[in-house]
Structure formats: C-alpha cells, structure tokens
Amino acid sequence: MGGCFSDLEGGKEGIGGEQARPTELNAPTNSGGGPNDAVDLFYRSRSLLPLFTQLELSLVGSNLRDRDITSKSDPMAVVFLKKSDGRLEEVGRTEVILNTLNPTWISKVTVTYQFEIVQPLIFHLYDVDTKYHHIPVKMLNLKDQDFLGESSCVLSEIVTKQSRSLTLNLHNKDGPGGSRNLGSLTVHAEESIASRSVVDVVFRCTNLDNKDLFSKSDPFLRISRIVESGGSVPICKTEVMDNNLNPIWKPLSLNMQQFGSKDNPLIIECFDFNSNGNHVLIGKLQKSVAQLEELYQERTGVNFVLTSNSGHEKVLKGQLFVDRFHEKEQFSFLDYISSGFELNFMVAVDFTASNKNPRQPDSLHYIDPSGRLNSYQRAIIEVGEVIQFYDTDKRFPAWGFGGRKPDGTVSHCFNLSGNETEFEVGGIEGIMTAYASALRNVSLSGPTLFGQVVDRAAQIAGHSLSYQENKYYVLLIITDGVLSDLQETKNALVKASDLPLSVLIVGVGDADFSQMEILDADNGNRLESSTGRMATRDIVQFVPMREVQRGEVSVVQALLEELPGQFLSYVRSRDIKPCNLPGAHASLSKSN
C-alpha cells in the first residue's frame, strides 16, 4: 500500500488505501481485537464455539481542529482496543485524507466483536505532516504527527444502537471537560458477512455396512469443506445414531460462511462411532450444496465409496438421501440487538449457612475492608458489566435464597433490597449495595433451593410476553452448595425453556457441583421434568469459579459463551425477526 494521492475534491482517500477484509472463518487470532487463544482453547475443549463476529468500523470526522498554517489538516484515525490490564492494543488505521476538517475515511477498521467481554475502544486522530505522505500509514510513527483529539466508547454501545452508529465528542489526552471544541467522530459498525443464506438439511442413509461384531454400527456424518490447498476443514457433524444401519438424523443447518458457495464441493463421511475416539470410516462421498439440493428434488440416493490401501475405490451398497432441503435467510445476534431487542439482567445470591459467617475472613460472603472482592461480588460485577449495555433502564431484579429474614422466616426468594414490594435495584452498584445490606440484615440458613428463584424469573419473562415486549431475560444464580431440590429445579427449568430466559450459574467454594453439570446440558442430554416433559432447548450454563481461576479464562467469558446462541435458538424457533425489517415479527411471543 504505497503513497498514492487522490485528485478528488474534499474528504477523499489520500494515503494507505482500503485494507483487506478478513472473513469470520479466516479472521486472524493475533491481530488487534482478535480472539483470546486461552478462551478459544477452553471453548474447544468443551466442544463449544463462542460468538466471534467480525465488524467493520467506518469513521467520519466533523469540525476537526486545523493544525496546518497554509492549508487544512490531513487527518488519519487510529483505533485501539483497551485490554483488561489497561494496555492499548492498536486495531487498525484509516488512510490519510488531504486538506479537510470533515473527513469520511474509506478504509474500514476490522475488530472482532465478542459478546462475553467488555471491549473499550479508544480513537486517536492525527494530522499527518506532508513530509510523511510517501510513507504507508502502517509505517507512520504516531509521535511524529500532530494530535487532533481522542474519544472512547465500548463496542457494545455501538452495536446496541438501531443505526449501529455512535457520535463521540473529541477531547485532549487529559480527558473530556476542556472548554475547547475539538470536533466529533462518528463510528458506524457493520458485520462482515458475505451472505445470510442458511440451508437446513435432513440426511438419511440406507444399507450401511456393519462395523461392529456384537451389535450394529453407531453411525454419524461429518461434513467438511475442501479448501484451496487441497485439504479439508470439518464444518459440522450429526449426532450419533445407536445400533442403526438405516439412520435418519436431526436437521443440520449449513450457513454460507461454512460452505462458501453452493457449488463448492463438500466431503461427506459416514463413521461408526467408538467411545475410544477411533471411529471407523463406513464410507464417504463428495457433493456440493447444489448437488444435495438436486438429490432432494429428484428423491434419489447416492452411494458411498470406500478407498482401499491400494487406492482402489469400492462402491458400497450404503446410500445417502436428502429428506429435506430448505434454504432461508438467517439473522445474526447483532441484527436483533441493534433493532431494539434487550437483554435484562437478574441475579440471585445463595444465603445458606455453608457459606460460613460473613464476619469471618474464611466466609465466602466476607466483605474485605481492603476492597478485595469476594467471589459473589466478582461474579455480579463481571457478568453485570457485560450485560448492562444491552438493558436500557439498567434496573435489575436482585434476590437472595436460603436466608432467614429479620422476621425469622426462611425464604428461598427474597428481595436483596430489604423492601418487600421492590425487587429491582438501580445499576450494578445498586446490586452491590443491596447485597452488602442483606448480609447485615439476613441470617444465613438453608437448604439450597433454586426452584422458587427460577419460577420467579420465569414469571417475569412470561409477563413480558403478554405485553409484547422485545426482552430476553438472563438470570445469574451464584451458589456454594449442593442442591436440595434437584428435581424441582429441573421441573422449573423445563417449564422455563419455552420462555425468553437463560440461567447462568456460578459455583463458588469447594462443594461438589456435579449436579450443576446435569442442569447444564452440554453433554447433549436435555433436561426432563418429573412428568416426562423434555426441555425444548438448553437454557442453562454453569461454570465453577475455581475451575476458571486456575486457567487464563475469566469466569465471565466461560459463563456467557452460550448466551447469544441460546437467544438465537429462542427467536429462530419462533420465527421472530428483527424489529426494524419490513414485515418482521417484532414480538418475542411469536410462535411457530
């Protein structure tokens, strides 16, 4: 990217030119704003995929400071991401635009949006001296340029706006508050998505070869995309069908980001599952998405082949059929959030006696005079500071459970505020204040029961549906103990799985949390109520605080990883579309 100049008038590209735009699939992990490798490892070890969305930031300046004597400034913008340790990491630079105080930069700055962390952005604007115009922008030493001003925001503040645009006032490096007007900067965010096209496919096989001695094969399909190098990249797989040579699998969703084009060849492999990980290949074939559509339309099957060690291909009796092929448009998490859908935060704190006397330093509820946060405080702050940006009024229901109130009764869902009629508090600070006050006024008791708290949260979520509100509720439960009402909690969660609600559970202390892993159905076993009803979707995510402390992954990132997916599973299952689109169904109560 050399130093080419534009001859167009006012606010045009000067130096640098447009940068390459990485897609979501090949986004670099070592660039500014890229995914945290430790977090990625944690997710993948649990067979989970976090929400990494590439956003392109467009920048427009207005009424900038003029630092040139005989002409106007030649502005360039630099975007930084503020890391958790306070360090600024450069994300990208725009080109230099010549002789203007109202620049509209052409080059986009790409950042990786991660729902599960707070991402502070810092914007610095510079007037690039004429003698440096021959140097590529990435090579410019910022100390040699005249500073025009800076501004900051959190990435979530941009994406929650319906316009996905935010205008910021510029100020000096010593902070806002000065009397001088340094102009403004408008930041607009767009998702870097090639297409929203999604294909739902139902696969069926017949006459598969049996690879087991004492039973039938346990088949599953793995679909891979062929890449330019000639290799292949797995993009999805079906569930395992036990003891079945003629399986019909649950629908698979393939999106354009996975397969690239309907004409790109895909490798479809059928394996016999073995618990030791040494799955046996039953057969494979190669078809594009377009060819799979033809199989569906013609109602014909295609034979698997198996290649011998000598390279000979044997055509097998086993065939693959496409029983369903449905192409549709699919909206992203950010489409819903920027169109006005909100995430409403609720918290419930464990007041059972196993936490130990809050006045003693060995208590999990001990409030350290030095200001060091206990595990409950950390969980509230870290989860709350992420979700608060998605909640406009920032009034949060806050409850306790397992505590003995001043009147002597033990309650399994009481208001932390101490006010019997007011269950909401103002902001994250309000939760912290109410929590500290409750520790002084409520005695620790027991047992550990979740059922009433989940039912109360579900009642609020259900109430919002009757008012056609575009809200999705997030209940954070922080606990140290073993559940005494596991089945009652399962019943409440199964009932709540039809509602716009997710439940996040943080386990603190050294108790046995195996029950929580049951509630968090990451193993694929959906929750079942005492009447035999199955949960319609997984709404629980659990993480033990101690597990996260030993690694590099924060509790928030581990806890919030599934939340966007749970939100999307709710709106998509009900065919709810973002509010600001023509013909969209703007209510969370829309049903199939």
State, yes or no, whether a side-chain contact exists between [X] and [Y] at a heavy-atom distance under 4.5 Å.
{"X": "Glu424", "Y": "Phe396", "value": "no"}
{"X": "Ile478", "Y": "Met545", "value": "no"}
{"X": "Glu90", "Y": "Val78", "value": "yes"}
{"X": "Leu88", "Y": "Ile122", "value": "yes"}
{"X": "Phe220", "Y": "Glu239", "value": "no"}
{"X": "Ile387", "Y": "Leu560", "value": "yes"}
{"X": "Thr352", "Y": "Asp480", "value": "yes"}
{"X": "Val347", "Y": "Ile477", "value": "no"}

No-hydrogen, no-angle side-chain donor-acceptor test under 3.5 Å, [X] and [Y]:
{"X": "Ser502", "Y": "Tyr473", "result": "no"}
{"X": "Thr186", "Y": "Thr167", "result": "yes"}
{"X": "Ser363", "Y": "Asn355", "result": "no"}
{"X": "Asn415", "Y": "Ser417", "result": "no"}

Item checked: Name of the residue among Leu343, Leu155, Ile337 meeting side-chain contact (heavy atoms from CB on, under 4.5 Å) with Phe115 -> Leu343
Notebook entry, point to check: Among Leu501, Leu476, Val474, which residue meets the side-chain contact (heavy atoms from CB on, under 4.5 Å) test with Met346?
Noted result: Leu501
Note to self: side chain to side chain contact (heavy atoms under 4.5 Å, CB included), that's the test. Do Asn357 and Tyr366 meet it? Break it down for me.
What the structure shows: CA-CA 8 Å; Asn357 186 345; Tyr366 180 66; over 6 Å; no
Interatomic distance, [X] atom [atom1] to [Y] atom [atom2] [nearest 0.5 angstrom]:
{"X": "Phe345", "Y": "Asp391", "atom1": "CZ", "atom2": "CG", "answer": "10.0 Å"}
{"X": "Glu150", "Y": "His171", "atom1": "CD", "atom2": "NE2", "answer": "5.0 Å"}
{"X": "Arg372", "Y": "Gln377", "atom1": "CZ", "atom2": "CD", "answer": "10.5 Å"}
{"X": "Gln541", "Y": "Asp520", "atom1": "CD", "atom2": "CG", "answer": "4.5 Å"}
{"X": "Ile576", "Y": "Phe341", "atom1": "CD1", "atom2": "CZ", "answer": "6.5 Å"}
{"X": "Leu373", "Y": "Ile367", "atom1": "CG", "atom2": "CD1", "answer": "9.5 Å"}

Contact summary for [X] and [Y], nearest pair of heavy atoms:
{"X": "Val482", "Y": "Asp512", "value": "CG2-O, 3.6 Å"}
{"X": "Phe389", "Y": "Ser156", "value": "CB-CB, 3.7 Å"}
{"X": "Leu568", "Y": "Ser332", "value": "CD2-C, 4.0 Å"}
{"X": "Lys394", "Y": "Gln388", "value": "NZ-O, 3.1 Å"}
{"X": "Cys153", "Y": "Phe123", "value": "SG-CE1, 4.0 Å"}
{"X": "Leu254", "Y": "Cys236", "value": "CD2-SG, 3.3 Å"}

Can we say [X] and [Y] salt-bridge, meaning some charged N sits less than 4.0 Å from an Asp/Glu carboxylate O?
{"X": "Lys405", "Y": "Glu420", "value": "yes"}
{"X": "Asp538", "Y": "Arg526", "value": "no"}
{"X": "Glu342", "Y": "Lys471", "value": "no"}
{"X": "Glu191", "Y": "Arg164", "value": "yes"}
{"X": "Arg395", "Y": "Asp393", "value": "no"}

Donor-acceptor pairs under 3.5 angstrom involving side-chain atoms of residues 440-457: please list them, not counting sequence neighbours.
| from | atom 1 | to | atom 2 | distance (Å) |
| --- | --- | --- | --- | --- |
| Asn441 | ND2 | Ser437 | O | 2.9 |
| Asn441 | ND2 | Ser437 | OG | 3.4 |
| Arg456 | NH1 | Gln459 | OE1 | 3.4 |

Side chains of residues 490-498: which donor-acceptor pairs under 3.5 Å do they make with residues two or more places apart or in other chains?
| from | atom 1 | to | atom 2 | distance (Å) |
| --- | --- | --- | --- | --- |
| Asn491 | OD1 | Gln487 | NE2 | 3.1 |
| Asn491 | OD1 | Ser530 | N | 2.8 |
| Asn491 | OD1 | Ser530 | OG | 3.4 |
| Asn491 | ND2 | Ser530 | OG | 3.2 |
| Ser497 | OG | Val494 | O | 2.6 |
| Ser497 | OG | Thr536 | N | 3.0 |
| Ser497 | OG | Thr536 | OG1 | 3.2 |
| Asp498 | OD1 | Thr536 | OG1 | 3.1 |
| Asp498 | OD2 | Arg533 | NH2 | 2.2 |

Next item on the list: Would you please classify the geometry between the Phe567 ring and the Tyr336 ring as parallel, tilted or perpendicular, with 30° and 60° separating the classes?
Entry: perpendicular
Margin query: Quick one, Thr479 with Val506, criterion side chain to side chain contact (heavy atoms under 4.5 Å, CB included). Give me CA distance, side-chain angles, the key distance, then yes/no.
Written below: CA-CA 6 Å; Thr479 183; Val506 173; over 6 Å; no
Check: Taking the six-membered ring for Trp, are the ring centroids of Phe401 and His412 within less than 6.0 Å of each other?
Finding: no
Check: Under 6.0 Å between the ring centres of Tyr472 and Tyr390?
Finding: no
Margin query: Quick one, Ser151 with Leu185, criterion side chain to side chain contact (heavy atoms under 4.5 Å, CB included). Give me CA distance, side-chain angles, the key distance, then yes/no.
Written below: CA-CA 8 Å; Ser151 57; Leu185 179 71; 3.9 Å; yes
Could you list the donor-acceptor pairs under 3.5 angstrom formed between side-chain atoms of residues 427-435 and any protein atom two or more places apart in sequence or on another chain?
| from | atom 1 | to | atom 2 | distance (Å) |
| --- | --- | --- | --- | --- |
| Thr433 | OG1 | Glu429 | O | 3.0 |
| Tyr435 | OH | His365 | ND1 | 2.7 |
| Tyr435 | OH | Asn374 | ND2 | 3.2 |

Next item on the list: Walk me through it: do Phe333 and Tyr113 pass the test side chain to side chain contact (heavy atoms under 4.5 Å, CB included)?
Entry: CA-CA 11 Å; Phe333 176 70; Tyr113 165 77; 3.5 Å; yes
Would you check if the side chain of [X] reaches a backbone N or O of [Y] as a donor-acceptor pair within less than 3.5 Å?
{"X": "Asp242", "Y": "Asp218", "result": "no"}
{"X": "Glu157", "Y": "Val154", "result": "yes"}
{"X": "Glu382", "Y": "Ile117", "result": "no"}

